[in-house]
S.K.: 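My structure is below; once you've seen it, I'll send some questions.
Whatever order the structure lists ligands and atoms in, that order sets their numbers, starting from 1. This one's a predicted model, so the numbers in the text were calculated from it and none came from an experiment. Note that these values count all heavy atoms, side chains included, but never hydrogens, waters or copies made by symmetry.
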Amino acid sequence: MVRALILHGGAGAWRLGQLAEKASEVVKNCTERAWRVLSERNSALDAVTEAVVCMENSGYLNAGYGSTLNLLGERELDAGVAASTGLLGAVAGVKSTRNPILLARIVAEKTPHVLLVGENADKLALLYGLPPLPPPPVHVVERYRETLRKLLNEEISDSYYKAIHRFIQEGVYSKLVGSVLGVYDTVGAVALDDSNVLATATSTGGVTLKLPGRVGDTPIHGAGFYADSSVACSATGIGEYIIRTMPCLRLSLEYNKYRDASRALSSVVEYVNRVAGLNTMGFIAVDRDGKILYAYNTEAMLIGYVYENEVRVNLKPEPKVNIIE
Ligand code: ASP
C-alpha cells in the first residue's frame with residue numbers, strides 16, 4: 001500500500017513573524033485533513049481538493065479568501081486540478097468565487113471544457129451553489145497599501161515591481177490606482193492513492209499588484225500544475241517564468257527519459273535555474289512509486305507532508321532540492 005501527500009503554501013521571501021507562523025499552522029492543519037481524506041476515501045483527487053479548499057479558506061495564504069490584490073485592489077483568482085485518470089479543469093480571472101479549486105473541478109467533471117475565465121466562470125460557480133468570496137481580510141488590504149506605497153516611492157528593487165512601476169508611470173493606470181496589497185503565496189497539493197491515481201490541485205490570487213487581466217501559470221496545465229501516470233506536480237513562484245520553463249511538464253518528460261526521479265529532478269532544476277534564474281520558483285511533486293519530490297530556488301517555500309504517518313511542516317526545507325522516500 002503506497003500513499004503519498006505533499007502540500008505547499010507558496011515559494012518566495014517569506015518573512016518570519018506572526019503571519020508566517022499562522023500560515024505554517026494552516027499548512028499543518030490542512031495536511032492533516034487531506035491525509036485523513038486520503039486514508040478514509042482512498043482518493044488522491046479528493047485529498048488534494050480538500051487540502052486546497054482548506055488553504056483557500058484560511059485567509060493566511062494567497063488563494064481564495066486570503067488572495068493578494070491586483071493593481072486596482074481587486075481579486076482575480078486562478079486554479080487548476082488534474083489527475084492521472086485524465087481529469088483536467090482550470091479557471092482564471094475569477095472574481096467572486098471563494099473556492100476556485102472547486103470550480104476548476106466542476107469544469108473538469110461537469111463541462112466538456114478544460115479552462116473557463118472571468119465572470120462567466122463565476123456564474124457557473126453560482127449555478128452550482130459554490131460560496132461567494134468574502135471581502136479580503138484586513139491584513140491583506142494593509143499589505144496591499146504598504147506594497148503600493150513602496151512601489152510608488154521606488155523602495156522596491158525587484159525587477160517585477162520595477163516593470164509595474166514603469167507601467168504606472170506611463171500614465172495609463174495612474175488615475176486608477178487608489179488603494180492597494182498582500183503578498184502571500186499560491187497553494188498546491190499533490191497526492192498518490194492506493195489505486196495508483198496521482199492528483200494535483202493548485203490555487204492562487206496571482207502575484208501582488210499584477211495588472212488586471214493578467215493570468216499566471218496556475219491554471220495552465222504543464223506549467224503551474226500537471227498530472228499523468230508518472231508524476232503529479234504543483235508549482236509556485238513568478239508565473240511568467242513558470243510558463244516559460246514548464247517545470248511540471250518537464251519533470252514528467254525527464255522522469256520518463258531517465259526512469260529515475262533523482263536525475264529527473266536535478267535536470268529540471270538545472271534547466272529552470274539556467275533559463276529563469278534564481279529566486280523565481282518552486283514546485284512539489286509525487287511520483288508513481290510514492291516518492292515525494294520538492295525543489296525551490298527562492299528564499300523559502302512552505303511545505304507540509306506526511307512521513308511515516310507523521311505530519312511535517314517546514315518553511316525553509318533543507319536541502320532545497322530533495323526526494324523524500
Ligand atoms: N505562481 C503564481 C502566479 O504567478 C503566484 C505564486 O505562486 O505565488 O500567479
Side-chain angles (χ1 to χ4, degrees), residues 6-15 19-20 23 26-27 51-52 55-56 58-71 74-81 90-95 100-101 104 115 117-118 140 143-144 147 158-161 163-164 181-190 200-226 233-250 272 276-285 294-303 315:
I6 179 167
L7 279 61
H8 73 72
W14 278 87
R15 252 146 281 188
L19 284 176
V26 166
V27 168
V52 170
M55 292 189 281
E56 285 176 334
S58 74
Y60 288 103
L61 294 160
N62 178 16
Y65 173 50
S67 288
T68 196
L69 308 183
N70 70 15
L71 194 55
E74 299 165 348
R75 278 145 333 155
E76 292 177 297
L77 317 182
D78 305 333
V81 61
V91 291
V94 165
K95 287 187 171 178
I101 201 64
L115 174 62
V117 304
V140 166
R143 190 81 179 268
Y144 164 74
T147 311
D158 184 279
S159 61
Y160 168 77
Y161 288 104
I164 298 280
L181 183 78
V183 195
Y184 301 106
D185 283 279
T186 296
V187 306
V190 290
T200 175
T202 311
S203 181
T204 189
V207 282
T208 297
L209 295 187
K210 65 185 180 183
L211 300 190
R214 178 265 193 191
V215 174
D217 58 296
T218 302
I220 299 182
H221 194 227
F225 73 112
Y226 183 79
C233 168
S234 168
T236 167
I238 303 169
E240 285 71 9
Y241 290 114
I242 299 173
I243 291 170
R244 285 185 170 96
T245 53
M246 292 269 163
C248 285
L249 173 63
R250 196 168 292 279
V272 160
L278 293 178
N279 226 5
T280 50
M281 71 187 82
F283 59 88
I284 55 171
Y294 73 80
Y296 64 105
N297 65 15
T298 48
E299 198 184 311
M301 180 169 78
L302 178 56
I303 59 167
L315 184 60

S.K.: If you measure from atom 2 (C) of ligand 1 to every heavy atom of A223, G237, S67, which option wins on shortest distance?
M.R.: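 That would be G237.
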S.K.: Any salt bridge between K95 and E74, counting N to O under 4.0 Å?
M.R.: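 A salt bridge links K95 with E74.
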S.K.: Any non-hydrogen side-chain atom of R75 less than 4.5 Å from a side-chain atom of L69?
M.R.: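 A side-chain contact exists here, since the closest heavy-atom pair is under 4.5 Å.
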S.K.: Is there a polar contact between ligand 1 and G239, counting only N or O atoms under 3.5 Å apart?
M.R.: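 There is such a contact, yes.
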S.K.: Do I220 and M246 come within less than 4.5 Å of each other through their side chains, counting heavy atoms only?
M.R.: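 Yes - at least one pair of side-chain heavy atoms lies under 4.5 Å apart.
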S.K.: Do the side chains of L19 and Y60 get nearer than 4.5 Å, heavy atoms only?
M.R.: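 The answer is yes, as the side chains (C-beta and beyond) meet within the 4.5 Å cut-off.
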S.K.: Can an N or O of D217 be found at a distance shorter than 3.5 Å from an N or O of ligand 1?
M.R.: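 N/O-N/O distance under 3.5 Å: yes.
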S.K.: Heavy-atom pairs closer than 4.0 Å: do any link ligand 1 to the side chain of M301, the backbone, both, or neither?
M.R.: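 Neither part.
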S.K.: Any nitrogen or oxygen of D78, main chain or side chain, under 3.5 Å from a nitrogen or oxygen of ligand 1?
M.R.: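 Such a contact does not occur with ligand 1.
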S.K.: Can you find a pair of side-chain heavy atoms, one from V27 and one from L315, that are under 4.5 Å apart?
M.R.: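 V27 does not reach L315 side chain to side chain.
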S.K.: Heavy-atom contact under 4.0 Å between K210 and ligand 1?
M.R.: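 It does not, in that no heavy atom of K210 comes within the 4.0 Å cut-off of ligand 1.
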S.K.: May I ask you to list the atoms of ligand 1 that are less than 4.0 angstrom from any heavy atom of T236?
M.R.: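 Every atom of ligand 1 under 4.0 Å from some heavy atom of T236: 6 (C), 7 (O), 8 (O).
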S.K.: Given T186, I220, L77, which has its nearest heavy atom closest to atom 8 (O) of ligand 1?
M.R.: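 Checking each option, the heavy atom nearest atom 8 (O) of ligand 1 is found in T186.
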S.K.: Using a 6.0 Å cut-off, check whether atom CZ of R244 has over 12 heavy atoms from anything other than its own residue.
M.R.: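 No, not enclosed.
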S.K.: Are T236 and M301 packed together at the side-chain level, in the sense that at least one heavy-atom pair is separated by less than 4.5 angstrom?
M.R.: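 When only atoms from C-beta onward are counted, M301 and T236 do touch, with a gap below 4.5 Å.
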S.K.: Mind checking whether E240 has an N or O less than 3.5 Å away from an N or O of ligand 1?
M.R.: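 For ligand 1, there is no N or O atom that lies under 3.5 Å from one belonging to E240.
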S.K.: Give the numbers and elements of all ligand 1 atoms closer than 4.0 Å to a heavy atom of G206.
M.R.: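 So the atoms of ligand 1 that pass are 9 (O).
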